[in-house]
Amino acid sequence: MYSLEWRDEACIISGDYRDWPNDSKKTAIELWCRSKSGHSILLLVNGLKPYIEISDPMTNSDSKYPNLSLDEVTNDSRVLGEPIELGNKLYNGQERPHWRINVISRDYKYYNSLQKKLSTDGWDVTSSDIFLIHKLLMDFDLGPHISFSGEVLWAGNRAPEEIPRTTNSSEVAEKIRQIGGAGLYPVDLIMHCDVSSLARADPFPTPFVTFSYDLETSVKHNNILCAAAVIDRNGERLIREYRGSEREIMEGLTRLVREEDPDFITGYNIDNFDLPRMLDRSEENSPNSLSDQAAMFGWGRLPATRNEIGVKSPGKIFPKRQNNRVWRIPGRIPLDAWWQARQTLSPQRESLKYVSNLLWPNQDDKQKLDIDASQMDMEWANRPDEVMDYCVRDTILPLDILDKLKSIPRKEALASVSSTTVETASTGTTSQWIDSLVVRLADRNGVAIPITNRTTGRREQIAGGYVHEVEPGTKNWVAVLDFKSMYPSIMISNNICSTTLIRDSHKDSTHFISPVTETRYLSKEDRIGLVPLLLQGLMDSRDKYKKAYSQAQEAGDEDGAFLNDQLQYAVKILMNSFYGVFASSFYRFTHEKLGASITEWARYNITEIISNLEKDGYDVVYSDTDSIFVCTRTEENTPAKKPSGGPELLAWESAKDETLKLGEQLANQFTKEGAELEFETALSAFFSHGAKKRYVGRVIWPREELLIRGYEVRRTDSFSILSKTMTEMFELILEGDEEGAINLAKSVITDVHQGKVETSDLIVSRSCKGSWDKKSGKWVFDKIYANPDSLPYVRAAKERISRGLQFTPGMKVGYIITNSKSSPMGIKAWLVDEIGGEPPKPDPQYYVNRLAKSLGRITSALKFDEAQLKDYAKNPSTQKSLFDF
DNA sequence: GGAAGACCCTAT
DNA sequence: TAAGATAGGGTCTTCC
């Protein structure tokens, strides 16, 4: 058998550990990659040893040997070789000798049982709850982008041209199994290498392949009527339609997945609809044959062998849902376009139609509705071709959405800056991203890796950020300043880390003492904390990416600019997740004092500045956690609205200059080592009705925009006439036209009272949870809600379901309030988008009341209150002017 | 009529 | 491998 070496660069999509039945002293890691030039590669990596680290809690850094018996450990049949002396490591604030123990297998029955036994014997066990694939990236300091060289085991039709195609496949399959693999993986190229030949590579944009699909199903019987799929290979799209028996449809989709070999699997609502439905229907179609089921839903990037399909229970080849959360499809990444749209856009409503409309408002063809989804059986019987067109369109839109939102490059950038696989960046949790960086740094710095804290029940909350009271009314000429990366900066400057926390009471060598609880941290000379070190590195790398971005932009290098912008943004996201993880109760490197000290310093810094400003006679208008709004002392009569010319314009310009100057000056004055205050924006006017976290501002520098925070305008559970009216009122108020704002409120309330407003402007939409009850085959709500039927959104969800429309836990459901006199109030679900028909009849009184209340909060800050507004709505003719105070 | 509680959504 | 945090506003139902 000839042997061919191949060298390449690739991005790791995901990886898995595979136990090696023939030789339990070796391990094999599967790395599913997409190469820089677009080939899919399964890289089989040998040479990694699963291990556990132990230390004796009764020893200290002077001990050479533990009190517990190392011999006993050596003699355990699960242990491979002698314990390896590691010297002293830091654990729980204590230096003490540690040993590494190689374990014969990472399989549960060896590894976890050994871990348990050692722990029971009295050892402190560390480094023992991390997947081997993550260990691989950590121990060899790899990120998702790697270069490697290794032996080609098998080459398929889409392999690089230079590599001869494999002819003796069955022989090769056997060879692959002998080195720990599963056989002939459905990829372009199968390779084999040792860990030592893997190296970190510079990030590049990987040409991923994406598969999008959509099922149309019977409302009556749940079976699949037809399906469509699109493969996107570097922008080139291949569309497929599937009709026929349910089995044929699913087999067709599965063949396409296995032949086209996509990295990402998308669709609209696949997590909660299309994937679970495929699983259900494949089981239903062939309950007694796993291999039949694999032909219908064996989407994992694994060979369809007996072993991978499974004998008694489903094997790895099947997509699987983990704890009702994310789906796992070995070697591929499920990426639901619904969830991406929801996360990045926060749309008011979440139907595919609504989201498409939001993204492409002027393209009718993208959202033309012609099929009534609630009558799918009838539609399919009467006009199958139209149904198929509709189905195809719904597979293309998710791809367009992911493109538009840049979802995939964002995941890849996050993977790159957190040095994880793309799968971990995509579907993992924030603590996994942070683990990836912290654990590898700890390993290099003699710090042991504690296991995740598994205590249940809520611990006492720590105090959070400081929020300043706001006075109702308008203020003109406000400079907004904020701290640059406040929490990370505090962690860096005060050396806050579990490795620097002083746990005992003696007071020597202390440099940093938190202002309230007097928690103490080592000076930087004694030891630089792991996390501060890491955060500083991230801050530097963000600056580097930002610089590279500007340089690329100047050079007209669009791709380079895009890549570096994604990377700098990913660093920002990652840095911002640190505080939360370290303030959580379960994270492995957390101590309850860490989170509390961070916010203590934050509150101390900001309140200190506020009181200094006030002492100097400045009016601090507002402040939230890391921001301060300061009023410039400018003559009261300077117009807030930019005049078109004349002396007023000069006065306006000079007020603006003064605000800019103040902003710069204060930023300089209050910036100190480790707490950089930046001048962020200048406002010509600021308004709040007097509630924290609710304000608006007319931004005039560095760009011009209307800034709105907290108000109904920002909320997805507001209705559009309220949001629209309030926005317009804010515009007027910030220009100084209070009367105009009040008149607007009055006229809109009158219109609503008289029923002159489109019902679609009155839709309220809120998210609704629910869980699927397998027994009854129904969605149930009483496990989640104390009194579900009194909640309008639950009743709206039930109405949707009863009309044959899809429901997904967590989805937003729209409704109209039809009777506010009864309790609970009467509502009707908003189904016009999906099934057309007459809209429900709204209760005008309800909407008048809510508008009066919300808008009245605003006008009352203008000395005009809710009751007056409501009276006005009832009888506008009796009051000539309400602006008389 | 008003307090208490359940729940949603947002700011940072 | 279950899992970022707290502060805060607001609506509606239930209960007295």
Side-chain angles (χ1 to χ4, degrees), chain A residues 17 106 108 111-112 115 128-134 322-326 328 346 348 424 428-435 451-470 482-483 485-487 573-588 590 592 594-596 598-599 602-603 606 622-627 688-695 707-718 764-769 784-794 810 812-813 817 820 822-825 827 846 849-850 853-854 857:
Chain A
Y17 164 78
R106 182 58 230 233
Y108 184 88
Y111 193 90
N112 296 49
Q115 180 191 332
S128 65
D129 61 349
I130 302 167
F131 282 142
L132 208 60
I133 158 72
H134 296 148
Q322 289 198 316
N323 6 298
N324 229 9
R325 229 176 58 90
V326 287
R328 255 189 70 92
S346 299
Q348 216 86 23
T424 302
T429 58
T430 45
S431 54
Q432 286 175 305
W433 309 339
I434 284 166
D435 244 4
I451 57 167
T452 302
N453 194 344
R454 271 164 232 264
T455 50
T456 48
R458 265 181 81 83
R459 67 137 154 71
E460 217 180 308
Q461 276 202 344
I462 57 171
Y466 168 79
V467 190
H468 201 62
E469 291 289 344
V470 220
D482 64 9
F483 282 107
S485 305
M486 187 189 224
Y487 287 170
I573 301 281
L574 185 61
M575 282 207 317
N576 286 340
S577 351
F578 268 76
Y579 159 71
V581 171
F582 283 87
S584 79
S585 55
F586 59 84
Y587 187 57
R588 61 176 87 245
T590 275
E592 56 184 358
L594 301 186
I598 295 166
T599 56
R603 288 194 304 276
I606 205 120
Y622 183 57
S623 162
D624 186 345
T625 311
D626 63 353
S627 66
S688 170
H689 74 280
K692 290 172 174 179
K693 298 190 187 282
R694 298 204 163 199
Y695 63 88
L707 174 73
I708 305 179
R709 290 289 177 263
Y711 279 112
E712 283 84 341
V713 176
R714 299 269 298 186
R715 293 180 61 104
T716 56
D717 58 355
S718 172
V764 177
S765 182
R766 300 194 112 189
S767 66
C768 180
K769 297 179 191 132
I784 290 159
Y785 297 114
N787 196 358
D789 286 323
S790 71
L791 298 169
Y793 43 90
V794 172
K812 288 190 187 301
V813 286
I817 288 81
S820 59
S822 69
S823 177
M825 63 193 191
I827 61 105
Y846 170 82
N849 287 345
R850 266 206 61 183
K853 198 164 184 179
S854 299
R857 267 197 290 270

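Convention: sequence-line order gives letters A, B, ...; per-chain numbering from 1.
Atom C1' of nucleotide C/dG4 and atom CD1 of A/Ile462 are separated by 11 Å, given to the nearest angstrom. One can place CE of A/Met825 at 8 Å from C1' of C/dT11, the figure rounded to the nearest angstrom. In this structure, OH of A/Tyr487 is placed 8 Å from C1' of C/dT6, rounded to the nearest angstrom. In this structure, OH of A/Tyr579 is placed 16 Å from P of B/dT12, rounded to the nearest angstrom. When rounded to the nearest whole Å, the span between CZ of A/Arg715 and P of B/dA11 equals 9 Å. Residue A/Arg850 contributes atom CZ, which lies 12 Å from atom C1' of B/dC8 at whole-angstrom precision.
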Could you provide the dot-bracket string of DNA chain C, using ( ) for intrastrand pairs, [ ] for crossing pairs and | for bases paired to another strand, with Watson-Crick or G-U pairs below 3.5 Å?
....||||||||||||
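Nearest nucleotide to the A/Ala463 side chain, out of C/dG10, C/dA7, C/dA5: C/dA7. Here the side chain of A/Asn787 is nearest to one of C/dA5, C/dT14, C/dG10, namely C/dT14. Distance from the side chain of A/Asp624 is smallest for B/dT12 among the nucleotides B/dT12, C/dT6, B/dC9. Closest to the A/Ser823 side chain, of the nucleotides C/dG4, C/dT14, B/dC9, is C/dT14. Comparing C/dA7, C/dT13, C/dG4 against the side chain of A/Lys693 picks out C/dA7 as the nearest. The A/Ala583 side chain lies nearest to C/dA5 when the options are C/dA5, C/dC12, C/dA7. Which of C/dT13, C/dA3, B/dA11 sits closest to the side chain of A/Phe586 comes down to C/dA3. Distances from the side chain of A/Lys853 to the nucleotides C/dG10, C/dT11, B/dA11 place C/dT11 closest.
The residue A/Glu469 sits apart from the nucleic acid: no heavy atom pair falls under 4.0 Å. Among the heavy atoms of the strands lying under 4.0 Å from A/Arg709 are primed sugar atoms or P, OP1, OP2 only; no base atom is included. Note on A/Arg603: nothing from the nucleic acid sits closer than 4.0 angstrom, heavy atoms only. Base contact: A/Thr452 has a heavy atom under 4.0 Å from a base atom. Residue contacts for A/Tyr108: at a heavy-atom cut-off of 4.0 Å it reaches no nucleic acid atom on any strand shown.
Of the side-chain N and O atoms in A/Gln461, one or more sit less than 4.0 angstrom from OP1 or OP2 of C/dA7. At C/dG10, one or more side-chain N or O atoms of A/Arg857 fall inside 4.0 Å of OP1 or OP2 (strictly under the cut-off). In this model, the phosphate group of B/dA11 is not approached by any side-chain N or O of A/Tyr466 to a distance below 4.0 Å at OP1 or OP2.
Ring-plane geometry between A/Tyr587 and A/Phe582 is classed as perpendicular, the angle between the planes exceeding 60 degrees on a 0 to 90 degree scale with a lower cut at 30. Between A/Tyr785 and A/Tyr793, the ring planes are perpendicular. Angles over 60° get that label, and only those under 30° would be called parallel.
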